Amino acid sequence: MLKPIEIKKDLFYVGVNDRTKELFEGHWPLPKGVSYNSYLLKDEKCVLFDTVDICYSEIFFRKLEKALNGKKLDYLVINHMEPDHSGSLGLLRKQYPDVQIIGNARTLDMVKGYYGIEEGTTAVKDGDELSVGAHNLKFYLTPMVHWPETMMTYETTCGIVFSGDAFGTFGTLDGGITDTQLNPGKYWEEMIRYYSNIVGKYGSPVQKALAKLGELNLNTICSTHGPVWTIKENIRKVIALYDKLSRYEGDNGVVIAYGSMYGHTELMAEAIAAELAGLGVKDIVLHNVSKRDLSYVIRDIFKYKGLIIGSPTYNNELFPQVEALISKIQGRDMKNRIFGYFGSYTWAGAAVKRLTAFAESSGFEIVGKPVEMKQAPTEATIDGCIALARAIAEKL
Ligand code: FEO
């Protein structure tokens with residue numbers, strides 16, 4: 001079980017799987033778990049790239065010891081300080097007191113703040129290099145992907161990038177580590193959910209990071225979550241996906257996200273969807289926001305260019321889960337969406353007013369006339385929904 005896993009010559013996988021946690025960062029569901037990846041490069045000097053969540057430190061240290069096989073651990077390179085990766089840092093320093101901790105100035109400030117470690121650290125700047133024998137490391141600062149200290153380390157000899165969270169996915173590694181050892185099909189949707197919810201606010205910093213990577217010959221991407229990408233086609237695919245998502249470019253499809261207490265508002269969503277389908281729109285995703293965790297709704301909003309939101313009025317406000325969705329959209333500086341909306345009320349309308357305020361502040365292209373329904377759908381309501389669907393379809 002603890003047999004060292006050499007994923008490339010001199011490079012060992014010493015990460016762990018988490019099939020226990022329900023919620024990543026305390027709020028993102030993990031139905032397929034998640035891996036915390038850590039890598040050991042063995043050369044004249046031995047270098048560890050990131051650690052793992054403290055809950056898994058015991059198994060991590062056993063793997064590390066096996067992989068070192070008696071050699072000294074010389075360096076720990078920290079590409080990202082979020083505790084799902086730095087959590088075992090304090091214990092690592094106790095177990096390997098001579099390990100030199102490498103990070104940029106912001107990293108080392110966090111190392112001090114989180115773990116009280118100030119000695120035995122080396123600050124690197126963008127473009128600095130470190131030779132560890134046959135392998136040479138070059139550090140690229142990539143701030144705000146998705147924390148201020150985030151950086152990537154490029155191994156120049158073989159073309160390996162240790163990318164931190166970038167290109168990572170939810171989902172455990174069930175045996176295979178590299179994309180040559182597994183079927184990556186199950187990871188793509190979870191890569192988008194990871195990106196859109198966790199990194200999604202930072203499109204511009206991601207674009208800057210991609211520009212830096214664009215100058216490199218990449219043969220392997222070692223992210224801190226999910227598979228190691230080694231197949232050229234997959235490397236191209238993950239980079240293209242990040243490029244598209246960070247430009248907020250959606251495919252030709254429509255997300256209809258709605259709240260509904262007794263099904264009346266849902267009927268409006270159904271009428272819009274049916275008309276869109278009749279007009280040839282094939283990718284239509286309806287999300288009942290009371291039922292579907294919002295991380296999946298956000299994922300699909302990143303995937304598709306069309307967005308329609310519907311809400312009942314509740315306590316003279318938006319339906320609470322619709323309000324929560326709007327807050328998440330605003331929190332990600334979502335752009336480039338074609339937007340329509342609808343709402344309902346029983347005695348005093350507030351939902352459409354609130355959605356109008358959201359639409360006007362969103363920067364989205366507002367399309368069609370919002371439909372407002374009193375109590376239950378009438379023919380006029382359905383006609384309004386059909387007109388809204390037509391306006392959206394025309395713009396796609
Ligand atoms: Fe996987 Fe931002 O931590």
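Because the structure is a prediction, the values reported are computed rather than measured.
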task = Check the pair D53 / H85 against side chain to side chain donor-acceptor pair (under 3.5 Å), numbers first and verdict last.
result = CA-CA 5 Å; D53 188 300; H85 310 296; over 6 Å; no

request  = Decide yes or no on salt bridge (Lys or Arg N to Asp or Glu O under 4.0 Å) for R19 and D174, but give the supporting numbers first.
outcome  = CA-CA 10 Å; R19 298 185 182 86; D174 299 336; 2.8 Å; yes

request  = Test side chain to side chain donor-acceptor pair (under 3.5 Å) on E372 and Y345 and set out the steps.
outcome  = CA-CA 8 Å; E372 187 170 39; Y345 66 96; 5.3 Å; no

key: Full working for side chain to side chain donor-acceptor pair (under 3.5 Å) between T169 and E190   = CA-CA 5 Å; T169 78; E190 286 293 73; over 6 Å; no

ask   = Does the side chain to side chain donor-acceptor pair (under 3.5 Å) test come out yes or no for T224 and N37, once each step is laid out?
value = CA-CA 4 Å; T224 45; N37 298 343; over 6 Å; no

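A 6.0 Å sphere centred on CZ of R247 holds more than 12 heavy atoms belonging to other residues, nucleotides or ligands. Within a 6.0 Å sphere centred on NZ of K232, heavy atoms belonging to other residues, nucleotides or ligands number more than 12. A 6.0 Å sphere centred on NZ of K9 holds no more than 12 heavy atoms belonging to other residues, nucleotides or ligands. The number of heavy atoms from other shown groups lying within 6.0 Å of NZ (K208) does not exceed 12. Other residues, nucleotides and ligands contribute more than 12 heavy atoms inside 6.0 Å of the NZ atom of K186. Residue Q95 qualifies as enclosed at atom CD: its count of foreign heavy atoms under 6.0 Å is above 12. Other residues, nucleotides and ligands contribute over 12 non-hydrogen atoms within 6.0 Å of the CZ atom of F61. Atom NZ of K66 has 12 or fewer heavy atoms from other residues, nucleotides or ligands within 6.0 Å.
Atoms CD1 and CG, from I192 and L245 in turn, are 6.0 Å apart once rounded to the nearest 0.5 Å. The distance from the CD atom of E119 to the NZ atom of K112 is 11.0 Å, given to the nearest 0.5 Å. With rounding to the nearest 0.5 Å, the separation of CG in L286 from CG in L276 is 9.0 Å. Taken from NZ in K71 to CD in E65, the straight-line distance is 15.5 Å, to the nearest 0.5 Å. Going from atom CG of L396 over to atom CG of D283 covers 10.0 Å, rounded to the nearest 0.5 Å. If you take CG on D300 and CZ on R292, they are separated by 7.5 Å, rounding to the nearest 0.5 Å.
Between M81 and W147 there is a side-chain heavy-atom pair separated by less than 4.5 Å. Using a 4.5 Å heavy-atom threshold, the side chains of H135 and D10 count as touching. Counting heavy atoms from C-beta on, the side chains of F60 and Y36 never come closer than 4.5 Å. Two residues are said to be in side-chain contact when any heavy atoms from C-beta on lie closer than 4.5 Å; V255 and K303 fail this criterion. Side-chain contact between N234 and I221: absent, with no pair of heavy atoms (C-beta onward) separated by less than 4.5 Å. No side-chain heavy atom of F139 sits less than 4.5 Å from a side-chain heavy atom of D126. For the pair C222/L11, a side-chain contact is recorded, criterion being any heavy-atom separation below 4.5 Å from C-beta on. Between S295 and V297, the closest side-chain pair of non-hydrogen atoms is not below 4.5 Å.
Only one option out of W229, Y195, F167 pairs with W188 in a ring-ring contact (aromatic ring centres under 6.0 Å, His included); it is W229. The side-chain contact (heavy atoms from CB on, under 4.5 Å) with I101 is formed by just one residue from the set V77, L89, T122; it is L89. Test L130, N79, I78 against I102 for side-chain contact (heavy atoms from CB on, under 4.5 Å) and you get one pass: L130.
Taking hydrophobic clusters as Ile, Leu, Val, Met, Phe, Trp and Tyr residues chained together by side-chain heavy-atom distances below 4.5 Å, I386 does not share a cluster with I308. A continuous path of hydrophobic side-chain contacts links L325 to I198 [ILVMFWY only; heavy atoms under 4.5 Å]. Linking Ile, Leu, Val, Met, Phe, Trp and Tyr whenever their side-chain heavy atoms come within less than 4.5 Å puts F302 and Y194 in one cluster. When hydrophobic clusters are built by joining Ile, Leu, Val, Met, Phe, Trp and Tyr residues whose side-chain heavy atoms come closer than 4.5 Å, directly or via intermediates, M144 is not grouped with V161. Under the 4.5 Å side-chain heavy-atom criterion for ILVMFWY residues, no single connected hydrophobic cluster contains both I272 and I366.
Side-chain rings of F358 and F339 approach one another, their centers coming within less than 6.0 Å. The aromatic ring centroids of F49 and Y39 lie 6.0 Å or more from each other.
Of all heavy-atom pairs between A393 and V281, the closest is CB-CG2, 4.2 Å.
At least one donor-acceptor pair under 3.5 Å links the side chain of S223 to the backbone N or O of G164. Judged purely by atom type and a 3.5 angstrom limit, S362 uses its side chain to pair as donor or acceptor with the backbone of F364. Side-chain atoms of Y242 do not come within 3.5 Å of backbone N or O of K237 as any donor-acceptor pair. At distances below 3.5 Å, at least one donor-acceptor pair connects side-chain atoms of T378 with backbone N or O atoms of A380. Without hydrogens or angle criteria, N104 side chain to E149 main chain gives a donor-acceptor distance under 3.5 Å. A distance-only check finds a donor-acceptor pair linking the side chain of T150 to the backbone of V145 [under 3.5 Å]. For the pair S311 (side chain) and G259 (backbone), a donor-acceptor distance under 3.5 Å is absent. Between the N197 side chain and the R193 main chain, a donor and an acceptor come within less than 3.5 Å of each other. Listed for the S38 side chain is a donor-acceptor partner under 3.5 Å among the backbone atoms of D50. Judged purely by atom type and a 3.5 angstrom limit, D18 has no side-chain atom pairing as donor or acceptor with the backbone of G33.
A salt bridge links K72 to D74: one of the charged nitrogens lies within less than 4.0 Å of a carboxylate oxygen. Comment: K282 does not engage D251 in a salt bridge, judged by the lack of any side-chain N to carboxylate O separation of less than 4.0 angstrom.
Residues T172 and S35 have side chains that never bring a donor and an acceptor to within less than 3.5 angstrom of each other.
For the pair K42 and F12, the cation-pi criterion (under 6.0 Å, within 45° of the ring axis) is fulfilled.
Taking the six-membered ring where tryptophan is involved, the planes of F24 and H225 are perpendicular, since the angle between them exceeds 60° and thus also 30°. A perpendicular orientation is assigned to the rings of Y314 and F319, their planes being inclined by more than 60° (bins at 30° and 60°). Using the six-membered ring where Trp is involved, H146 and H80 have ring planes that are perpendicular, over 60° apart on the 30 and 60° scheme.
Residue pairs meeting the side-chain hydrogen bond (donor to acceptor under 3.5 Å, both in side chains) criterion with at least one member in residues 318-340, sequence neighbours excluded, are E323-R354.
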